[in-house]
Amino acid sequence: MSNDAAVLAYTLRLADNALILAQCMVELVTAEPELEEELANANFALDYIGQARMLYTYAGELEGKGRSEDDFAFMRDEHEFANLLLLEQPNGHFGDALVRQFLFDAFYVHLLDAITRCSDERLREIAARAVKEVRYHLRHCSQWLVRLGDGTELSHNRVQTSLDYAWRYTGEMFAGDEIDQAINADIDGPDLEAIHGLWRKDVESVVAEATLSLPDDSWMASGGKQGRHTEQLGFLLAEMQYLQRSFPGATW
Amino acid sequence: MYTQGLDQAGKDRRVAAETEELLNAFQKRVDAEEKIEAKDWMPEAYRRTLIRQISQHAHSEIIGMQPEGNWLTRAPSLKRKAILLAKVQDEAGHGLYLYSAAETLGVSRDQMVADLLSGKAKYSSIFNYPTLSWADIGAIGWLVDGAAIMNQIPLCRCSYGPYARAMVRVCKEESFHQRQGFDIMHSLCLGTAAQKAMAQDALDRWWWPSLMMFGPNDSESTHSAQSMAWKIKRFSNDELRQKFVDVTVQQADFLGLSVPDDELRFDDETGHYQFGEINWQELFDVIAGNGPCNKQRLEKRQRAHTDGAWVREAAQAYASKQAARAAA
Ligand SMILES: [Fe+2]
Ligand SMILES: [Fe+2]
């Protein structure tokens, strides 16, 4: 795989992660447990949409075929999306959505941090902006995880179950493929093994403070990065893409 | 508008300790355009009127998130999705400031929320209509936020300081919303025939409910005089409605859309648009709970509250544990 092709594929992965997580969070608008969380959820989703837009725009430039951010978001099919499976998992209850975002952000913050030191200037710029946002999200999610874990017996048990379930989708974050390797080797991008260590340390410390137990690394799901998704993604995209697909070529 | 003059008259009698002297001194301050602050003496009826109005306004912001939230997952571009999400987030923020402003009058947010969830408290009738197409998001921004601004700009000069100050901030954001809504309509009207038809259909459905946002005719609005004297209200329902029609009809012309009113015509003598009779029965039905979406809107709010109870309880339990640890 050429250097350019790897950067393009990698940029799309990053963009898809941000967009799919944002889309799941947008579904939660007006369903949050309190008004302050409505503001936080919308705020975070806006950050991810902003990141997705910058990344898709850059992908369009790299590809050079005139595709816009909206072409990538609305006119690609399920198998062309390369987001992590974790991010397309259904919202479930507050604890499920929280754990999903926590586990991802704890990874994403280190990933972005590493990207701020890569040799691709545009990715560096985008990551520098995003890492500040995600650091804040992670702090918010960590605080909530501690509140739920060390809150009531009910909340403790619920969020432990969320964590146990979501854990199977964390392996994929660190399972590098040829694109991850090319990004690491060719543009001094993230070293997934190193990030795994950092992630593990951070997650362990918050989970311990939350009086929760870390699940065992048993079976791990994979396939999202390669476009093999869980059943949820098709519905998510059908809803998200419907207007663009119903009125091809229209401007909004 | 957001408060719609839905108040019941008669409950706000003067209480015994309110001497003529105190009442006169209060009215003098109001007449001098002094701001009344939370700790100042005020007649009980003034306090209750404001609590009702501000909490209704807050509830409207919160319920108003639903019809627009309905299109967040289906917004037709990433830019539109981001703009709409920022708008819905602003409305949550408006709810938050307004609950805080009402709390300065001695009512708790929990109590206000409980009144909303039990169906005791009212919110603007407009949010009981469904958003059936993307153009409805444009129509809401253009018409509903537009009508809200007409009402809220004078509220920036309301005699009660905390409400007036909250309104200054809210109004700035509402005028963004209005422009963004108009921009959606404009894009649709410049688009394909199907898009333009979508815009016309949205105007057809939202026009009359928007006019109803200003509340009953002045002749029916028994509560207005006292609110005017207290400088809570500055213009009558009919005055504000007329102002809205005058501005909005011209915007519809610009868009090339037709306002669904056969009686609409410009009156050269008065310099205003004359418009047809509002279907008041529809407004009273919607206020009484029989609008197209009253049940769904309230149920969704109740569900979010019930589903979130364990989360709020956990946060509370954690906070008490932390306090106990700090004390130990
Ligand atoms: Fe608002
Ligand atoms: Fe608004």
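Order of the sequence lines sets the chain letters (A, B, ...), proteins ahead of strands, with each chain counted from 1. No hydrogens, no waters, no symmetry mates; every other heavy atom, side chains included, goes into these values. Bear in mind the structure is a predicted one, so any value in this text is a computation, not a measurement.
The closest side-chain donor-acceptor pair between B:Thr73 and A:Glu239 falls under 3.5 angstrom.
Contacts with chain A were tallied for B:Ala86, B:Gly191, B:Gly138, B:Ala319; B:Ala86 has the most, counting heavy-atom pairs under 4.5 Å. Of all the listed residues (B:Glu313, B:His186, B:Lys300, B:His305), the one sharing the greatest number of non-hydrogen pairs under 4.5 Å with chain A is B:Lys300. Among the candidates A:Ser246, A:Ser68, A:Gly151, the residue making the largest number of heavy-atom pairs closer than 4.5 Å to chain B is A:Gly151. Contact tally against chain B (heavy-atom pairs below 4.5 Å) for A:Leu154, A:Leu98, A:Asn43: the top residue is A:Asn43. Per-residue counts of heavy-atom pairs under 4.5 Å with chain A were compared for B:Lys81, B:Met65, B:Gln195, B:Gln66; the largest is that of B:Gln195. Ranked by heavy-atom pairs shorter than 4.5 Å toward chain A, the options B:Gly69, B:Ser133, B:Ala315, B:Ala314 are led by B:Ala314.
Using a 4.5 Å cut-off between heavy atoms, B:Val311 contacts chain A through both its backbone and its side chain. For A:Glu69, the parts sitting under 4.5 Å from any heavy atom of chain B are the backbone and the side chain alike. Proximity to chain A is absent for every atom of B:Arg303, based on heavy atoms less than 4.5 angstrom apart. Using a 4.5 Å cut-off between heavy atoms, B:Met198 contacts chain A through its side chain alone, with no backbone atom that close. Using a 4.5 Å cut-off between heavy atoms, A:Thr251 touches chain B through its backbone atoms (N, CA, C, O) alone. For a residue to count as touching a neighbouring chain, one of its non-hydrogen atoms must lie under 4.5 Å from one of that chain's; by this rule A:Glu32 touches chain B with the backbone only. Proximity to chain B (any heavy atom under 4.5 Å) is restricted, for A:Ile49, to the side chain, taken from C-beta onward. Contacts between A:Val146 and chain B at a heavy-atom distance below 4.5 Å involve backbone atoms as well as side-chain atoms. Contacts between B:Leu96 and chain A at a heavy-atom distance below 4.5 Å involve backbone atoms as well as side-chain atoms. Both the backbone and the side chain of A:Phe94 come within less than 4.5 Å of a heavy atom of chain B. Within the 4.5 angstrom heavy-atom criterion, atoms from both the backbone and the side chain of A:Ala45 approach chain B.
The number of heavy atoms from other shown groups lying within 6.0 Å of CZ (A:Arg124) is above 12. By the 6.0 Å contact criterion, CZ on B:Arg74 is enclosed, its count of non-hydrogen atoms from other residues, nucleotides or ligands being greater than 12. Few gaps surround CZ on A:Phe247; more than 12 heavy atoms of other groups in view lie less than 6.0 Å from it. Within a 6.0 Å sphere centred on NZ of B:Lys321, heavy atoms belonging to other residues, nucleotides or ligands number more than 12. Heavy-atom neighbours of A:Glu204 CD from other residues, nucleotides or ligands within 6.0 Å: above the threshold of 12.
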Item to complete: Test side-chain contact (heavy atoms from CB on, under 4.5 Å) on B:Leu78 and A:Phe74 and set out the steps.
Response: CA-CA 9 Å; B:Leu78 294 182; A:Phe74 297 99; 4.0 Å; yes

Discussion item. Using side-chain contact (heavy atoms from CB on, under 4.5 Å), reason through B:Trp310 and A:Leu148 one step at a time and then give a plain yes or no.
Written reply: CA-CA 9 Å; B:Trp310 70 278; A:Leu148 294 184; 4.0 Å; yes

Discussion item. Between A:Glu38 and B:Gln89, is the side-chain contact (heavy atoms from CB on, under 4.5 Å) condition met? List the steps.
Written reply: CA-CA 7 Å; A:Glu38 283 295 347; B:Gln89 186 195 24; over 6 Å; no

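The existence of a salt bridge linking B:Arg109 and A:Glu36 is confirmed by a sub-4.0 Å separation between a basic side-chain nitrogen and an acidic carboxylate oxygen. Note on B:Arg325 versus A:Asp150: salt bridge recorded, some NZ/NE/NH1/NH2 to OD/OE distance being below 4.0 Å.
Atom CD1 of B:Ile62 and atom OG1 of A:Thr30 lie 10.5 Å apart (nearest 0.5 Å). Rounding to the nearest 0.5 Å places CE of A:Met25 at 12.5 Å from CG of B:Leu72.
Relative ring orientation between A:Tyr242 and B:Trp71 is described as tilted, the plane-to-plane angle lying within the 30° to 60° band.
Side-chain N or O atoms of B:Asp307 include none that pairs as donor or acceptor with a backbone N or O of A:Pro33 at under 3.5 Å.
Among all heavy-atom pairs drawn from A:Thr152 and B:Ala317, the shortest one is CG2-CB, 3.8 Å. Closest approach of B:Pro76 to A:Leu243, counting heavy atoms only: CB-CD1, 3.8 Å. The two residues B:Gly93 and A:Leu39 come nearest to each other via the heavy atoms N-CD2, 3.7 Å.
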